[in-house]
Amino acid sequence: MPETPAARSRRPAKTRVPNHRVPRVAATDRLGSAAATRRLGFAAVVRRLAWAAGLAVAALLSLPAVAAAHADLVDASPSDRAVLSAEPQQVTLVFSERVTLALSTVAVVAPNGHRVDRGAPTAAGAGGDRIRVRLAPERDRGTYVVAWRTTAADDGHTTSGQLTFSVGAPSRTGAAPAPLGGHDRLTDAFLDTAVWLGFAGLAGLVGFAAVRLYCLPDPGASRDHHEDGETAPPAWAGMRWPAAAGWGLLVTGTLVQLFLYGPSAQGESLNSAFDRSLLSSSLSSHVGHTLVARFLLLALIAAVGEEVLRHRRAGRAAAAVIAFALALTWSETSHAPAGPVAPLALTITTLHVTAMAVWAGGMACLVVLLTRGRDAALALAARRFSHLALCAVAVLAATGLYQAYREVGSLHGLTGTHYGRLVLTKATLFLLVVTVAARTHARVRRRREPASPREARRPILLELAGVTAVLVVTVLLISTAPAHVPRTTYTGSGGASPAAPQAPGASPR
């Protein structure tokens with residue numbers, strides 16, 4: 001029966017709420033409560049990962065070690081402690097892998113204490129693993145000392161050592177050659193700082209892109225409503241300076257690394273940072289090529305980065321490719337290129353670096369956003385990032401285990417070497433940060449109401465401090481010779497000559 005006008009007039013009128021007063025965080029509350037009711041919480045997943053990591057460590061370390069070495073001396077002509085009837089015209093050194101000729105030095109001292117090497121070392125053959133130096137004629141008979149220092153072409157790490165040979169009969173050497181295995185501590189410290197700045201910059205770039213494209217809502221769908229009824233994008237929508245700061249740090253760190261790589265490899269002081277010959281040698285090396293490729297990627301980011309952030313679906317794929325390519329430049333200058341199964345090691349190391357950048361950089365970006373904004377969407381972004389961080393932690397654990405096995409390979413190497421102890425320190429810090437983060441996130445998730453931006457910022461700051469410490473240890477690992485590097489590199493016709501393997505930027509430890 002149709003309703004009469006009188007009945008319609010007696011019906012209570014509906015109260016219409018203006019659009020700008022409708023709360024838009026209802027979806028946030030529903031998502032938060034649904035995540036809190038999951039049976040398998042963040043803390044439980046982390047505990048299972050920790051147990052799996054412990055079992056994997058025990059299993060991997062019980063297997064035979066995987067051999068992967070720096071440019072170690074494997075043969076020489078004349079051989080170590082050889083006795084010859086006449087002085088040779090040249091000395092040839094053979095290494096276990098290709099070396100950078102421009103960053104290699106060979107000094108030969110005669111029995112009377114005079115150097116008899118003529119000119120810089122040259123390549124001996126097409127393999128890139130042999131170098132030779134010609135000798136000036138010398139009538140003195142006795143023992144000659146050969147000191148060498150070279151840089152691996154693949155991973156850019158430096159090794160050094162010495163050997164002797166005699167003409168006629170062994171004798172006392174008049175003077176030992178100038179030490180070729182030393183390092184300038186100040187140069188190495190600045191180089192380590194440059195590497196850390198590069199890590200921080202990479203984390204800033206990758207972390208901002210991850211939070212922007214995966215965690216924050218679309219700025220077009222999330223708008224602030226003013227009292228006059230007009231809408232505007234949220235305050236965080238136009239924030240770009242965290243990415244710009246990361247880009248600047250990465251450019252600065254890479255530039256300093258390029259100028260200091262040559263002086264560090266040759267044990268020179270900071271005064272040699274602008275030496276043209278050393279810079280030319282660095283640019284012609286594998287490390288130099290990798291750093292130049294990083295500059296090209298940074299130029300690409302400066303050109304198309306804004307467009308990548310504007311398109312969420314296509315931008316996610318583009319950002320992932322660029323982040324992986326940037327992380328690959330760290331893998332190419334690490335221990336990964338040396339040894340067998342190098343492509344697999346490079347891929348795993350790249351995943352490790354990318355996951356670390358997502359985790360550390362994402363936390364830093366969230367701290368900035370939660371400090372400058374009070375939007376409820378930021379608390380939702382923090383919840384979403386916890387899932388992304390969990391994936392990053394899982395990747396870090398898996399890839400870190402493989403790297404530890406490849407570079408350490410035994411329980412003795414883990415506990416009896418400086419590199420192994422650094423690996424233990426990094427693993428301890430990593431597990432400590434993950435455990436604290438799991439407890440904090442579990443406590444937040446038990447709350448029925450979503451946390452305020454200020455409350456969400458506190459646990460992220462704690463995680464960020466721990467990850468910063470992990471990154472410092474990571475830089476020290478990069479600049480330290482792995483545990484598998486042997487203490488003696490070459491046994492000639494009378495014994496072995498000790499080597500001093502050092503990574504670029506490493507101080508004698």
Exercise. Given side-chain contact (heavy atoms from CB on, under 4.5 Å), test Arg294 with Leu291 step by step and report yes or no.
Key: CA-CA 5 Å; Arg294 188 185 299 172; Leu291 295 179; 3.9 Å; yes

Self-check item: Thr187-Glu268 side chain donor-acceptor pair, cut-off 3.5 Å
Solution: no

Quiz item: Quick one: OG1 on Thr468 to CH2 on Trp196, what's the gap to the nearest 0.5 Å?
Solution: 6.0 Å

Quiz prompt | Ser166 side-chain N/O to Val83 backbone N/O, donor-acceptor pair under 3.5 Å | solution = no

Self-check item: Residue Arg316 excluded, over 12 heavy atoms near CZ under 6.0 Å
Solution: yes

Quiz item: Going through the distances and angles, do Cys365 and Phe385 end up as a side-chain contact (heavy atoms from CB on, under 4.5 Å)?
Solution: CA-CA 11 Å; Cys365 180; Phe385 179 75; over 6 Å; no

Quiz item: Hey, are the side chains of Leu93 and Leu163 touching, using non-hydrogen atoms and a 4.5 Å cut-off?
Solution: yes

Quiz item: Looking only at heavy atoms, what is the nearest atom pair of Gly262 and Ser282, with distance?
Solution: N-OG, 3.1 Å

Quiz item: Is there a donor in the side chain of Asp188 and an acceptor in the side chain of Ser264, or the other way round, less than 3.5 Å apart?
Solution: yes

Exercise. Taking the side chain as every heavy atom from C-beta outward, state whether Leu388 and Val211 have any atom pair closer than 4.5 Å.
Key: no

Quiz item: If you count the non-hydrogen atoms of other residues, nucleotides and ligands that lie under 6.0 Å from CZ in Phe190, is the total more than 12?
Solution: no

Self-check item: Under 3.5 Å donor-acceptor, Trp247 side chain and Leu298 backbone
Solution: yes

Quiz prompt | Polar side-chain atom of Ser281 near backbone of Leu103 as donor-acceptor pair, under 3.5 Å | solution = no

Quiz item: So how far is it from Ile322 CD1 to Leu300 CG, rounded to the nearest 0.5 Å?
Solution: 5.0 Å

Practice problem: Run the numbers on Leu396 and His352 for side-chain contact (heavy atoms from CB on, under 4.5 Å), then give the verdict. | Solution: CA-CA 5 Å; Leu396 280 171; His352 190 80; 3.6 Å; yes

Quiz item: Going by heavy atoms in the side chains, are Met356 and Phe199 under 4.5 Å from each other?
Solution: no

Exercise. Answer whether the closest heavy-atom distance between the side chains of Leu283 and Leu279 falls below 4.5 Å.
Key: yes

Quiz item: Of the non-hydrogen atoms in Asp117 and Leu135, which two are nearest, and what is the gap between them?
Solution: CA-CD2, 4.1 Å

Exercise. Return yes if a side-chain donor-acceptor contact under 3.5 Å exists between Thr350 and Ser331, otherwise no.
Key: yes

Quiz prompt | Closest non-hydrogen atom pair between Gly315 and Leu213, with its separation | solution = O-CD1, 3.6 Å

Exercise. Taking Arg149 for its side chain and Ala265 for its backbone only, find out whether a donor-acceptor pair lies under 3.5 Å.
Key: yes

Quiz prompt | Heavy atoms of other groups near Arg118 CZ, more than 12 under 6.0 Å | solution = no

Quiz item: How far does OG1 of Thr417 sit from CG of Leu422, to the nearest 0.5 angstrom?
Solution: 8.5 Å

Quiz item: Nearest 0.5 Å, what's the OG1-CG distance between Thr333 and Leu328?
Solution: 9.5 Å

Quiz item: Shortest non-hydrogen contact from Leu205 to Gly246?
Solution: CG-C, 4.1 Å

Practice problem: Look at the side chain of Ser285 and the backbone N and O of Gly288, then say whether any donor-acceptor pair between them is shorter than 3.5 Å. | Solution: yes

Exercise. Quick one: pull up OG1 in Thr329 and CG in Leu250 and give me the separation to the nearest 0.5 Å.
Key: 7.5 Å

Practice problem: Decide yes or no on side-chain contact (heavy atoms from CB on, under 4.5 Å) for Leu278 and Tyr261, but give the supporting numbers first. | Solution: CA-CA 9 Å; Leu278 285 177; Tyr261 170 66; over 6 Å; no

Quiz item: Hey, which of Ile131, Thr159, Thr105, Val133 is the one that makes side-chain contact (heavy atoms from CB on, under 4.5 Å) with Trp148?
Solution: Thr159

Quiz item: Looking at Ser171 and Gly142, what are the two nearest heavy atoms and their distance?
Solution: OG-CA, 3.1 Å

Quiz item: Does Thr158 reach the main-chain N or O of Thr151 with its side chain, forming a donor-acceptor pair under 3.5 Å?
Solution: no

Quiz item: Is there side-chain contact between Pro88 and Phe165, with heavy atoms separated by less than 4.5 Å?
Solution: yes

Exercise. For the residue pair Phe324 and Leu351, establish whether any side-chain heavy-atom pair is separated by less than 4.5 Å.
Key: yes

Self-check item: Which atom of Val353 lies closest to which atom of Ala327, heavy atoms considered
Solution: CG1-CB, 3.8 Å

Quiz item: Hey, does Phe208 have a side-chain heavy atom less than 4.5 Å from the side chain of Val368?
Solution: no

Exercise. Determine whether Thr349 and Trp330 make a side-chain contact, defined as any pair of heavy atoms from C-beta on separated by less than 4.5 Å.
Key: no

Exercise. Would you give the length of the straight line joining atom CD1 of Ile301 to atom CG of Leu326, rounded to the nearest 0.5 angstrom?
Key: 4.5 Å

Quiz item: Do other residues, nucleotides or ligands put more than 12 heavy atoms under 6.0 Å from Glu306 CD?
Solution: yes

Quiz item: Is a side-chain N or O of Asp80 found less than 3.5 angstrom from the main chain of Thr164, in a donor-acceptor match?
Solution: yes

